[in-house]
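In what follows, a structure is listed as structure tokens, so that the remarks can point back to it.
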There are 2 protein chains.
Amino acid sequence: MSATAAAAATATAESIADLLSARYGAVDPPAPGPSNEVIRTLLNHRSVRSFLPDRPLPPGTLETLIAAASSASTSSNLQTWSVVAVEDPERKARLSVLAANQKFIRDAPLLLVWIADLSRLERVGEARGQEMEGLPYLEAFVLGVVDAALAAQNAVTAAESLGLGCVYIGAMRNKPAEVAAELKLPPNAMAVFGVSVGYPDPDVRTEVKPRLPLSLVLHRETYGAPAEAEAIARYDAALAEFSRRNGMGDTAWTPRVLSRIGTLAGLSGRDKMREVLTAMGFGLR
Amino acid sequence: MSATAAAAATATAESIADLLSARYGAVDPPAPGPSNEVIRTLLNHRSVRSFLPDRPLPPGTLETLIAAASSASTSSNLQTWSVVAVEDPERKARLSVLAANQKFIRDAPLLLVWIADLSRLERVGEARGQEMEGLPYLEAFVLGVVDAALAAQNAVTAAESLGLGCVYIGAMRNKPAEVAAELKLPPNAMAVFGVSVGYPDPDVRTEVKPRLPLSLVLHRETYGAPAEAEAIARYDAALAEFSRRNGMGDTAWTPRVLSRIGTLAGLSGRDKMREVLTAMGFGLR
């Protein structure tokens with residue numbers, strides 16, 4: 001392990017240079033720029049999948065996380081999102097089964113399920129006797145998904161700033177109708193993803209996961225991907241090293257992409273999403 | 001103006017109780033919970049639409065914002081997003097015309113256009129000679145939209161922590177094909193929204209905008225909207241007061257919702273999004 005990687009592997013690596021190096025797996029990290037506690041919190045994110053099941057969140061934490069979520073931007077202030085906070089162990093267990101049977105959903109004391117919620121606007125229209133012409137369009141679904149994502153990310157940032165750990169659960173989309181039934185969602189409301197929240201198990205090391213180099217995601221003026229194949233090859237090597245260090249085999253990025261998106265099986269049933277959402281009331285025109 | 005509203009109206013309101021009261025327009029704000037500088041930054045968000053056009057961002061700021069964006073969670077680490085940083089005044093002006101002709105897009109020194117980018121995965125498949133079976137599905141589009149939104153929200157939080165102002169630009173979806181042409185996006189890549197970034201004009205007051213009460217967006221165990229109509233009526237009154245204070249007439253929430261989503265005209269052309277995206281290469285099956 002290089003000295004840089006070793007520094008990055010500790011949870012206490014706090015310098016911006018270390019955090020940037022860890023974030024990019026030492027593949028062309030940018031020079032340290034302006035920084036503060038907020039930026040350190042953001043750069044230091046890692047998904048937590050091992051929680052202390054018996055350590056509850058302090059009183060007022062849930063409300064604070066949701067107030068942070070409410071503070072995110074929302075398109076035209078329409079606020080087309082909701083969140084369902086699930087703490088009941090039996091409901092968490094049932095939702096875990098629906099979401100690829102992931103153990104951490106049961107372990108974490110709090111499961112936040114983020115909803116693209118067009119139903120509230122539908123009810124506003126009903127109360128005024130006005131048909132909501134814009135709702136049955138793909139655009140309205142995008143509004144709900146974006147609103148839910150911006151809100152959730154604020155909640156996650158707030159949680160991590162408090163020493164809590166979080167992990168997003170995209171598998172909440174594997175069986176949208178069953179999740180909706182469990183949460184008693186009205187028509188025109190869909191669980192976009194879950195977020196498990198709790199105190200990280202201090203005995204399980206987590207590490208900042210390297211991302212694609214800045215040169216591949218940040219484009220100047222127009223889109224361009226010069227030397228993309230070479231940059232991906234170096235990223236593959238960095239991610240394989242990360243995987244080895246963390247007991248996850250030596251999986252690089254490219255093989256992971258190919259198995260996840262290259263085959264229909266990798267969608268875990270989500271190829272049915274369009275028809276399921278239509279049955280749930282979304283127009284998606 | 002109430003004492004609470006007056007306190008909230010100043011940019012220096014820093015106590016969590018004041019921030020929560022402002023965020024909920026004094027409609028049932030939650031009791032102050034745990035707090036720190038990160039949470040204060042999140043609660044204190046307001047969209048900025050008046051920028052100092054001649055004050056550039058400090059060196060290294062853009063890279064720091066994008067490193068924060070890269071640090072957000074991404075589904076299965078697929079990283080189906082990109083961002084195009086636009087600083088050229090003529091390109092900003094052209095994009096402004098495409099996005100409802102909003103002046104702040106020209107004024108702000110930096111425009112970040114956030115891309116749901118499935119094209120990178122497509123290229124990975126091409127390089128390996130593998131057809132990417134999962135790409136032409138609505139699920140893949142959702143992956144890209146969520147990834148772009150989580151990344152953007154981290155960048156916005158980082159920017160605001162540095163004293164910069166931001167505003168999301170959903171109108172970047174009004175003419176997706178024209179925006180894609182301007183940014184030279186490849187097929188299977190779409191501008192989900194823009195974010196203008198710059199120093200706020202100190203002569204233009206901005207104020208935390210009240211959101212729907214916590215009781216309407218936060219559901220416990222299952223979805224429920226008890227007393228929703230009454231809560232919306234109180235929120236309508238709070239938002240009308242906010243609008244009056246800020247010289248925006250006395251528009252409440254309900255009329256805004258009805259004009260924005262109640263009529264097809266309120267979609268500003270986005271009712272065509274599905275067919276335009278199909279022409280841009282998205283399967284959306």
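By convention in this document, chain letters (A, B, ...) are assigned in the order of the sequence lines, proteins followed by strands, and residues within each chain are numbered from 1.
Heavy-atom distances place the side chain of A/Trp253, and not its backbone, under 4.5 Å from chain B. With a threshold of 4.5 angstrom between heavy atoms, A/Val192 approaches chain B through side-chain atoms but not through N, CA, C or O. Interface residue A/Glu228: only side-chain heavy atoms are found under 4.5 Å from chain B. Heavy atoms closer than 4.5 Å to chain A are found nowhere in B/Asp147, neither backbone nor side chain. At a 4.5 Å heavy-atom cutoff, the contact between B/Gln130 and chain A is made by side-chain atoms alone. Both the backbone and the side chain of A/Ala67 come within contact range of chain B, judged by heavy atoms closer than 4.5 Å. Neither the backbone nor the side chain of A/Pro58 comes within less than 4.5 Å of any heavy atom of chain B. At a 4.5 Å heavy-atom cutoff, the contact between B/Pro59 and chain A is made by backbone atoms alone. With a threshold of 4.5 angstrom between heavy atoms, A/Ile232 approaches chain B through side-chain atoms but not through N, CA, C or O. Residue A/Leu112: no heavy atom, backbone or side chain, is found under 4.5 Å from chain B. For A/Pro29, no part lies under 4.5 angstrom from a heavy atom of chain B. With a 4.5 angstrom heavy-atom cutoff, A/Lys92 does not touch chain B via any of its atoms. Interface remark: A/Ser73 contributes backbone and side-chain atoms alike to the contact with chain B (heavy atom separation under 4.5 Å). With a 4.5 Å cut-off on non-hydrogen atoms, A/Leu20 touches chain B through its side chain but not through its backbone. Residue contact with chain A, scored on non-hydrogen atoms closer than 4.5 Å, involves the side chain of B/Leu214 exclusively. Within the 4.5 angstrom heavy-atom criterion, atoms from both the backbone and the side chain of B/Ala158 approach chain A. Proximity to chain B is absent for every atom of A/Ala127, based on heavy atoms less than 4.5 angstrom apart. Residue A/Thr41 touches chain B through its side chain alone, counting heavy-atom pairs closer than 4.5 Å. B/Ala72 touches chain A through backbone and side chain together, each having a heavy atom under 4.5 Å away. Looking at B/Leu118, there are no atoms closer than 4.5 Å to chain A (heavy atoms on both sides), in backbone or side chain. Contacts of A/Ala225 with chain B are made by side-chain atoms alone, with heavy-atom separations under 4.5 Å and no backbone atom involved. Of the atoms belonging to B/Ile16, not a single heavy atom falls under 4.5 Å from chain A. Residue B/Thr263 touches chain A through both its backbone and its side chain, counting heavy-atom pairs closer than 4.5 Å. Interface remark: B/Asn36 contributes side-chain atoms only to the contact with chain A (heavy atom separation under 4.5 Å).
Between the side chains of A/Asn77 and B/Arg260, not a single donor N or O lies within less than 3.5 Å of an accepting N or O. In this model, a donor atom of one side chain and an acceptor atom of the other lie less than 3.5 Å apart for B/Tyr223 and A/Ser119.
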For B/Arg23 and A/Glu63, what are the C-alpha separation, side-chain angles and deciding distance, and is it a salt bridge (charged side-chain N to carboxylate O under 4.0 Å, His left out)?
CA-CA 13 Å; B/Arg23 179 54 69 201; A/Glu63 291 76 7; over 6 Å; no

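For the pair A/Val146/B/Tyr168, no side-chain contact is recorded, criterion being any heavy-atom separation below 4.5 Å from C-beta on. A/Val38 has its side chain out of reach of B/Leu42: every pair of non-hydrogen atoms, C-beta onward, lies at least 4.5 Å apart. Put simply, the side chain of A/Ile39 reaches to within 4.5 Å of the side chain of B/Ser161, judged on heavy atoms.
A distance of 8.0 Å separates CD1 in A/Ile261 from OG1 in B/Thr80, rounded to the nearest 0.5 Å. Distance OG1/A/Thr157 to CG/B/Asn154: 5.0 Å, rounded to 0.5 Å. Expressed to the nearest 0.5 Å, how far CZ of B/Arg173 lies from CG of A/Leu138 amounts to 9.5 Å. In this structure, OG in B/Ser70 is found 9.5 Å from CG in A/Leu43, a value given to the nearest 0.5 Å. Distance check: B/Ser82 OG to A/His219 NE2 gives 3.0 Å after rounding to the nearest 0.5 Å. A distance of 6.0 Å separates OG1 of A/Thr74 from CZ of B/Arg211, quoted to the nearest 0.5 Å.
Considering only heavy-atom pairs separated by less than 4.5 Å from chain B, the leading option among A/Glu182, A/Glu37, A/Glu160, A/Arg120 is A/Arg120. Of all the listed residues (A/Ser76, A/Gly170, A/Ala189), the one sharing the greatest number of non-hydrogen pairs under 4.5 Å with chain B is A/Ser76. Contact tally against chain A (heavy-atom pairs below 4.5 Å) for B/Pro186, B/Gly125, B/Ala140, B/Ala229: the top residue is B/Pro186. Among B/His45, B/Glu139, B/Met132, the residue with the largest count of heavy-atom pairs under 4.5 Å with chain A is B/Glu139. Per-residue heavy-atom pair counts under 4.5 Å with chain A were compared for B/Ala149, B/Gly33, B/Gly60, B/Ala85, and the maximum is reached by B/Ala85. By number of non-hydrogen pairs under 4.5 angstrom with chain B, the leading residue of A/Val124, A/Val113, A/Val167 is A/Val124. The residue among A/Gln153, A/Arg256, A/Glu221, A/Arg91 with the most heavy atom pairs within less than 4.5 Å of chain B is A/Glu221. Among A/Ile115, A/Leu183, A/Val83, the residue making the largest number of heavy-atom pairs under 4.5 Å with chain B is A/Val83. Chain B forms more heavy-atom pairs under 4.5 Å with one residue of A/Thr254, A/Leu111, A/Val145 than with any other, namely A/Thr254. Between chain A and the options B/Leu65, B/Val156, B/Leu62, heavy-atom pairs under 4.5 Å are most frequent for B/Leu62.
Among residues 267-277 of chain A, the residues having any heavy atom closer than 4.5 Å to a heavy atom of chain B are, in sequence order, A/Leu267, A/Arg270, A/Asp271, A/Met273, A/Arg274, A/Leu277.
The side-chain contact (heavy atoms from CB on, under 4.5 Å) test applied to B/Ser215 returns B/Pro213, not counting sequence neighbours.
Residues B/Arg128 and A/Leu258 share a closest heavy-atom pair of CG-CD1, 3.9 Å. B/Tyr24 and A/Ile66 get closest at one heavy-atom pair: OH-O, 3.9 Å.
Within 6.0 Å of CZ in A/Arg123 there are more than 12 heavy atoms belonging to other residues, nucleotides or ligands. Other residues, nucleotides and ligands contribute over 12 non-hydrogen atoms within 6.0 Å of the CZ atom of A/Arg40.
Using a 4.0 Å cut-off between charged side-chain N and carboxylate O, B/Arg220 and A/Glu87 make a salt bridge.
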